Each structure stands twice: as C-alpha cells, then as structure tokens.
Amino acid sequence: METAWHMNISTTVSLRVQDWAMADRPREKLLQKGIASLTDAELLAVLIGSGTRHMNVILLAQHILKANGNSLHELAKRSVQELQRFKGIGEAKAITIVCAMELTRRRIPTTNHKKSIVSNSLQAYTLLQPDLTDKLAEECWILLLNRANYLIKKIKISSGGMNATIVDPKLIFKLVLEHQAASLILAHNHPSGNPMPSITDIQLTQRLLEAGKLLDVDIIDHIIFTDNTYFSLADQGMLKKFPLEKSPKRK
C-alpha cells in the first residue's frame, strides 16, 4: 500500500502568497516578528521558496508535513528521491530540504572546539546523537578515548539493514591501536525505536570485553540509540568495569 508521502499533490488554490497580508508572508513575518514566530510549515515554505501553479508554497509545505505525520523527525528521514515524489518539489528543492535537515542533525553543543571529554553515557549519547538520529538502517560507531577520557576520534565502523549490522571486533581493535586509544565506547542504533539490547548485542559486548583485556583496552560502554532515548549497558551494570561517572537522570 502506497504511503501518504508517496502521493502527488494536486489541490487548486487561487490565492497567491503575494496576495496575503504582509504579516502572513513567511519571509516578511520572520523579519518583523523574528524566527521563533514561524510555524514548521512556514519555515519549510521558506526553504522550498515557491509553490506550484495550483498550490501556494505554504499549502505545499503543510501537505508535505502532513504526509510525514506532522513530524520533523519523519521528514528528516526522507531522501532526495522521496521528496521529489511531491508535485512541486524538484531536485534542487529536495536537496535544500535534505541539507537543512542534515544541518540540524550536526548541530550539537560544543565548547568552542575544545576537546570533548566523555565521562558518562549521556555525554557519549550527545556526542553521537547527530550521527545516529533519523537513520532507517542500523549503524555502528565507536568513540576512541585517551586515558583521561578525552575524545580522540569518533568513527563509523559498519552499517546494515533495519534489524542488524555486522561488527568486526578485529576492525575495532585495529582502529584502537592505530589511534593509540586507551578505551572505547561502542554505540549503535535501533531503527525500530526499541532501545533494549538483543542477545547479539550482549554477546558482542562480551567478546569485546574479553579481547580488550588481552590488549589492555577498556570497553567503557555499549550504548543503544533510538531517536528519543538510549540504553547504556554500563549504567545498567552489565559491564565488568565501570570507569565512567554515573550519568545524570534523563527526563
């Protein structure tokens, strides 16, 4: 069954944006009242720029949002090709929307480009959130840390399907040695939205712990991401070593 966002839009609207009251035009409204005054549809309309012959840009933006459950998280998952299925969205407009969504993913709290210290699972989650949010397939990342828990590098090591991704411990420890890391944090996402670890996740963690002992590398945590929350094996007492501070409670 074809989902709503696959459908072409063909609604006739005679009123042009130029005919609207000045305060109702998104660009003018932004200049007069500030960016916070714009609705999601108006912000999207500014990105799109123009509507179609039969539909003004605000209605086009509203239809795109409605087809994605009025959720920016769902909209952020759409590819250029998927967005082009909307009548009035060509390649250039689709690319603009996708790039805007990617910028929001990459916008994370920074400390003026100082080295990031990772002393609890919440900090690790925040650091990797732009990389593992809104993903339709599983991806696995590692954070390589020095002995003071400062980040050396974050690296994507694999990507897979909806339910699993293949993780090679040999590749992980090769990267650890290349970057002279003292410890690492493993993280992967569950596109299903269920943050609970699978048996495979637990078995992989155990294999990494055993290999880390031989190489004197601490496996600090294994974090499972969803778009809205995470599960930390270390916080739940499922690892043998606990060098991280206890994370602050999440709301």
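None of the values given here were measured: they were computed from a predicted structure.
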Peer 1: Determine, for Asp131 against Lys156, whether the closest basic-nitrogen to carboxylate-oxygen distance falls under 4.0 angstrom.
Peer 2: no

Peer 1: Main chain of Leu122, side chain of Tyr230: is a donor-acceptor contact present, judged purely on distance under 3.5 Å?
Peer 2: yes

Peer 1: Quickly, which of Val118, Ile117, Leu145 forms a side chain to side chain contact (heavy atoms under 4.5 Å, CB included) with Tyr150? Name it, please.
Peer 2: Ile117

Peer 1: Hydrophobic clusters here meaning ILVMFWY residues chained together by side-chain heavy-atom distances under 4.5 Å, can you tell me if Val57 and Val46 are in one?
Peer 2: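 As far as the 4.5 Å side-chain criterion goes, Val46 and Val57 are not connected within one cluster.
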
Peer 1: Test: side-chain hydrogen bond (donor to acceptor under 3.5 Å, both in side chains). Region: residues 88-97. Which pairs qualify, not counting sequence neighbours?
Peer 2: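 Pairs touching residues 88-97 that pass the test: Ser50-Lys93.
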
Peer 1: Test your reading of the model: is there a side-chain donor-acceptor pair from Asn146 to the backbone of Ala148, 3.5 Å cut-off?
Peer 2: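 It does hold such a pair.
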
Peer 1: If hydrophobic clusters are built from ILVMFWY residues whose side chains come within less than 4.5 Å, do Ile64 and Leu38 share one?
Peer 2: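 Per the 4.5 Å side-chain linkage, Ile64 and Leu38 are not co-clustered.
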
Peer 1: Answer with yes or no whether the hydrophobic clustering places Leu30 together with Leu103; edges join I, L, V, M, F, W, Y residues whose side-chain heavy atoms lie under 4.5 Å apart.
Peer 2: no

Peer 1: Are Val217 and Leu233 grouped together when hydrophobic residues (ILVMFWY) are joined by side-chain heavy atoms under 4.5 angstrom apart?
Peer 2: yes

Peer 1: For a 4.5 angstrom cut-off between non-hydrogen side-chain atoms, does Thr226 reach Asn194?
Peer 2: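 Not touching, per the 4.5 Å side-chain cut-off.
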
Peer 1: For the pair Met101 and Leu72, evaluate side-chain contact (heavy atoms from CB on, under 4.5 Å) and give the outcome as yes or no after the intermediate values.
Peer 2: CA-CA 9 Å; Met101 293 297 166; Leu72 294 177; 4.3 Å; yes

Peer 1: Working to the nearest 0.5 Å, report the span between CG of Leu204 and CD1 of Ile199.
Peer 2: 13.5 Å

Peer 1: Check each of Gln62, Lys29, Arg27 against Glu42 using the side chain to side chain donor-acceptor pair (under 3.5 Å) test, and report the only one that passes.
Peer 2: Lys29

Peer 1: List, one per line, each side-chain donor-acceptor pair under 3.5 Å for residues 171-185, sequence neighbours excluded.
Peer 2:
residue	atom	partner	partner atom	Å
Lys174	NZ	Glu178	OE2	2.5
His179	ND1	Leu175	O	3.0

Peer 1: Nearest heavy-atom pair of Leu239 and Ala234: which atoms, and what distance?
Peer 2: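 Leu239 and Ala234 have their closest heavy atoms at CD1-CB, 3.8 Å.
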
Peer 1: Is there a path of hydrophobic side-chain contacts, each under 4.5 Å between heavy atoms, that joins Ile157 and Leu215?
Peer 2: yes

Peer 1: How far does NE2 of His190 sit from CZ of Phe231, to the nearest 0.5 angstrom?
Peer 2: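 Separation between the atoms: 10.5 Å.
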
Peer 1: Taking all atoms of both residues into account, what is the closest heavy-atom pair of Tyr125 and Asp227, and its distance?
Peer 2: OH-O, 3.9 Å

Peer 1: Supply the atom-to-atom distance Asp168 CG to Cys140 SG, rounded to the nearest 0.5 angstrom.
Peer 2: 11.0 Å

Peer 1: Output the distance between atom CG (Asp218) and atom NZ (Lys213), rounded to the nearest 0.5 Å.
Peer 2: 11.0 Å

Peer 1: Do Ser119 and Asn149 have side-chain atoms, one donor and one acceptor, less than 3.5 Å apart?
Peer 2: no

Peer 1: Any side-chain heavy atom of Ile224 within less than 4.5 Å of one from His188?
Peer 2: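 Yes, side chains in contact.
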
Peer 1: How long is the gap from CG on Leu127 to CD1 on Ile223, to the nearest 0.5 Å?
Peer 2: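 Taking CG in Leu127 and CD1 in Ile223, the distance rounds to 9.5 Å.
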
Peer 1: Walk me through whether His63 and Met55 qualify under side-chain contact (heavy atoms from CB on, under 4.5 Å).
Peer 2: CA-CA 10 Å; His63 276 273; Met55 175 172 285; 3.7 Å; yes

Peer 1: So do the side chains of Ile220 and Leu143 get within less than 4.5 Å of each other, counting heavy atoms only?
Peer 2: no

Peer 1: Considering residues at least two apart in sequence or located in another chain, which fulfil the side chain to side chain contact (heavy atoms under 4.5 Å, CB included) criterion with Glu74?
Peer 2: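 Partners of Glu74 under the side chain to side chain contact (heavy atoms under 4.5 Å, CB included) test: Asn68, Ser71, Lys77, Arg78.
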
Peer 1: Could you report the tightest heavy-atom contact between Ala94 and Val80, atom names first, then the distance?
Peer 2: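 Scanning both residues completely, I find the closest heavy atoms to be CB-O, 3.6 Å.
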
Peer 1: Which atoms form the tightest heavy-atom contact between Ile142 and Leu144, and what is the distance?
Peer 2: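 Scanning both residues, the minimum pair turns out to be CD1-CD2, 3.8 Å.
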
Peer 1: On a heavy-atom basis, which atom in Pro195 and which in Thr229 lie closest, and how many Å separate them?
Peer 2: CG-CG2, 4.2 Å

Peer 1: Does any non-hydrogen side-chain atom of Ser158 lie less than 4.5 Å from one of Val167?
Peer 2: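 Yes, at least one pair of side-chain atoms sits under 4.5 Å.
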
Peer 1: Is there a side-chain contact (heavy atoms from CB on, under 4.5 Å) between Leu214 and Glu210 once you walk through the steps?
Peer 2: CA-CA 7 Å; Leu214 297 176; Glu210 292 171 356; over 6 Å; no

Peer 1: Under a 3.5 Å cutoff, is there a donor and acceptor pairing between the side chains of Asp235 and Ser121?
Peer 2: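 Asp235 vs Ser121: donor-acceptor pair found between side chains.
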
Peer 1: How close do Glu138 and Pro191 get, counting heavy atoms only, and between which atoms?
Peer 2: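 Nearest heavy atoms, Glu138 then Pro191: CG-CD, 3.5 Å.
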
Peer 1: Could you measure the distance from the CG atom of Asn120 to the CG atom of Asp221? Nearest 0.5 Å is fine.
Peer 2: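 It is 9.5 Å, given to the nearest 0.5 Å.
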
Peer 1: Between Asn189 (side chain only) and Glu139 (backbone N and O only), is there a donor and an acceptor less than 3.5 Å apart?
Peer 2: yes

